[in-house]
Amino acid sequence: MMHARPGDTVAGRFVIERLAGRGGMGEVFRARDLRDDQAVALKIMRVEGHDLGWFQREVRTLERLRHPNVARYVDHGMMGTGTHYLAMEWLDGEDLAARLEKGPLGIWSVVQAMH
């Protein structure tokens, strides 16, 4: 896996600003898209074997999905190191894992958040 750092450029397009999160499948960075100067969430994945199929399904789904409550697909690809990336719209707000640490979400809070 690529060890990305602030200032690195991915695919000649995305300049990493900071690490936003880390999980079992890889890391998510806040990055800047040089094409339109917009912030993006850049997932740099550790995918192998069956995980690659999961990643490809995620990409295909996001490419087709258009919904105001789902981050918009921007781009995906493979870097020269063989590491896969997925760029999505950057959304400011509380991360789901942090929110769940405060307690479970009730049905009404979920419904309210969707409107």
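Nothing here was measured: the structure is a model prediction, and the numbers come from that model. Atoms considered below: every heavy atom in the structure, side chains included; atoms not considered: hydrogens, waters and symmetry mates.
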What pairs of residues pass the salt bridge (charged side-chain N to carboxylate O under 4.0 Å, His left out) test when at least one of them lies in residues 63-78, not counting sequence neighbours?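 For residues 63-78, and leaving out neighbouring residues, the salt bridge (charged side-chain N to carboxylate O under 4.0 Å, His left out) pairs sorted by first residue read R13-D75.
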From [X] atom [atom1] to [Y] atom [atom2], the distance as rounded to the nearest 0.5 Å:
X	Y	atom1	atom2	result
L19	R5	CG	CZ	13.0 Å
H76	Q56	NE2	CD	8.0 Å
Y73	T61	OH	OG1	12.0 Å
L52	R57	CG	CZ	9.5 Å

With the 4.5 Å side-chain cut-off for hydrophobic clustering, are [X] and [Y] part of the same group?
X	Y	value
W90	L62	no
F29	M78	no
V70	L86	yes

Heavy-atom distance under 4.5 Å between the side chains of T9 and I16, does that happen here?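 They are not in contact (no side-chain heavy atoms under 4.5 Å apart), so the answer is no.
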So with a 6.0 Å cut-off around CZ of R35, is the heavy-atom count from everything else above 12?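 No, because the 6.0 Å sphere around CZ of R35 holds 12 heavy atoms or fewer from other groups.
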With sequence neighbours excluded, what pairs up with E89 under the salt bridge (charged side-chain N to carboxylate O under 4.0 Å, His left out) test?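 If we apply the salt bridge (charged side-chain N to carboxylate O under 4.0 Å, His left out) test to E89, skipping adjacent residues, there are no hits.
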How would you list, by chain and number, every residue that makes a salt bridge (charged side-chain N to carboxylate O under 4.0 Å, His left out) with R22, sequence neighbours excluded?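 Here the qualifying residues are E27.
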Passes side-chain contact (heavy atoms from CB on, under 4.5 Å), D92 versus R30? Steps please. CA-CA 10 Å; D92 285 311; R30 178 184 164 105; 4.0 Å; yes
Side-chain heavy atoms under 4.5 Å apart, restricted to Ile/Leu/Val/Met/Phe/Trp/Tyr: what other residues fall into the cluster of L34, or is it alone?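 Reading the cluster by chain and number, L34 sits alongside V15.
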Connected-component partners of V28 among ILVMFWY, side-chain separation under 4.5 Å: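 Members other than V28 - counting any ILVMFWY side chain reachable under 4.5 Å - there are none.
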Would you please name every residue forming a side-chain contact (heavy atoms from CB on, under 4.5 Å) with D37, sequence neighbours left out?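 In terms of side-chain contact (heavy atoms from CB on, under 4.5 Å), with neighbours along the sequence ignored, D37 is linked to R32.
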Under the criterion side-chain contact (heavy atoms from CB on, under 4.5 Å), I'd like the reasoning laid out for K43 against E58: C-alpha separation, chi angles, the key distance, then a yes or no. CA-CA 12 Å; K43 293 174 76 172; E58 180 181 10; 2.8 Å; yes
Given the rule in the side-chain contact (heavy atoms from CB on, under 4.5 Å) test, do R60 and F55 qualify, once you have shown the distances and angles that lead to the verdict? CA-CA 9 Å; R60 284 192 307 272; F55 174 74; over 6 Å; no
Tell me the closest heavy-atom pair linking F14 and Y85, and the distance in Å.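 Minimum heavy-atom contact is CE1-CE1, 3.9 Å.
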Could you tell me which non-hydrogen atom of M88 sits nearest to which non-hydrogen atom of V74, and how far apart they are?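 In terms of heavy atoms, the two residues are closest at C-CG2, 3.7 Å.
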So, the side chain of T83 versus the backbone of M79: is there a donor-acceptor pair under 3.5 Å, distance only?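 No; judged by distance alone, with no hydrogens or angles, the pair does not exist.
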